[in-house]
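Have a look at the structure below before the remarks.
As a basis for the values below, the full set of heavy atoms in this structure was taken, side chains included, without hydrogen atoms, waters or symmetry mates.
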Amino acid sequence: CKITAKEFSVAANKRLLLGDIEPNILPNTEANTAKIKQVIIDVYERLIGEKLEVNDETIIAAFDVYDSALSLGKKGIDSGNISTRITRDCAVSKNQAEVNKDFVFDDGDYYTRAWQALFQFVLMDPRYFYL
């Protein structure tokens, strides 16, 4: 989970996995949804070595995980059932962060943790272990 906070804590041109997205880009427009899905495609290509299409069931499922985590997390924060803070073992301190200091420890809109959920989903794919 810490890789996500680390990725968002450095400038986009220094990132290995999430260079084309900022954590607060939401799937609230067609363009943003397309951008998020493209990043998911890129993550799969980098971690699993497969170039998947946007309509591939794996990309659809991964996007649903991200979108559901974002929605459920935000509802949990709004109701007070979920903290706005990322747990220490999954966070980068503000002193360590070059950029996005508000997204790497304090996650009041559940942006970073939604991406963490996506990474957990990708890393559970058997192809990650067996390719």
Q. According to a 4.5 Å side-chain heavy-atom criterion applied to Ile, Leu, Val, Met, Phe, Trp and Tyr, with indirect links allowed, do I60 and I48 form part of one hydrophobic cluster?
A. no
Q | V43, L118, L47 screened by side-chain contact (heavy atoms from CB on, under 4.5 Å) with L123, the one that passes | A | L47
(Q) Is there a path of hydrophobic side-chain contacts, each under 4.5 Å between heavy atoms, that joins V54 and Y66? (A) yes
Q) Which value, rounded to the nearest 0.5 Å, describes the distance between I41 atom CD1 and E53 atom CD? A) 7.0 Å
Q: Please round to the nearest 0.5 Å and tell me the distance separating atom CZ of F63 and atom OG of S68.
A: 9.0 Å
Q | Atom CG of D64 with >12 non-hydrogen neighbours under 6.0 angstrom | A | yes
**Q.** Nearest heavy atoms of A114 and A69, plus distance in Å
**A.** CA-CB, 4.0 Å
Q: Starting at CD1 of I59, measure out to CD1 of I40 and round the result to the nearest 0.5 Å.
A: 6.5 Å
Q. Do L18 and F119 come close enough that some side-chain heavy atom pair is under 4.5 Å?
A. yes
(Q) Donor-acceptor pair, distance only, cut-off 3.5 Å: does the side chain of N81 make one with the backbone of G76? (A) no
Q | Close side-chain approach of W115 and V39, heavy atoms under 4.5 Å | A | yes
Q) Should Y110 and I82 be marked as a side chain to side chain contact (heavy atoms under 4.5 Å, CB included) after you check the CA-CA gap, both sets of side-chain angles, and the distance that decides it? A) CA-CA 10 Å; Y110 218 80; I82 294 177; 3.9 Å; yes
Q) Looking at NZ of K6 and SG of C90, how far apart are the two atoms once the value is rounded to the nearest 0.5 Å? A) 11.5 Å
Q | Considering all heavy atoms, the nearest I77-S83 contact | A | CG1-O, 3.9 Å
Q: Specify the closest pair of heavy atoms between E22 and F8, including all atoms of both residues, with the distance to one decimal.
A: C-CE2, 4.1 Å
Q | Side chain to side chain, Y111 and L26, heavy atoms closer than 4.5 Å | A | yes
Q) Going by heavy atoms in the side chains, are I86 and R113 under 4.5 Å from each other? A) yes
Q.
If you compare all heavy atoms of P27 against all heavy atoms of D67, which two are closest, and at what distance to 0.1 Å?
A. CG-OD1, 3.3 Å
Q. Say you draw a straight line from CZ of R46 to CG of L17; how long is it, rounded to the nearest 0.5 Å?
A. 6.5 Å
Q. Is there side-chain contact between Y44 and E50, with at least one heavy-atom pair below 4.5 Å?
A. no
Q) Between C1 and Q120, which heavy-atom pair has the shortest distance, and what is it? A) CB-NE2, 4.4 Å
Q) Are side-chain heavy atoms of D42 and K51 found at a separation under 4.5 Å? A) yes
Q.
Rounded at 0.5 Å granularity, tell me how far CD1 in I25 sits from CG in N32.
A. 5.0 Å
Q.
Could you check whether D109 pairs with K74 (Lys NZ or Arg NE/NH1/NH2 to Asp/Glu carboxylate O, under 4.0 Å)?
A. yes
Q. Which atoms form the tightest heavy-atom contact between D20 and K35, and what is the distance?
A. O-CE, 2.7 Å
Q | E7 bridged to R15 by N-O distance under 4.0 Å | A | no
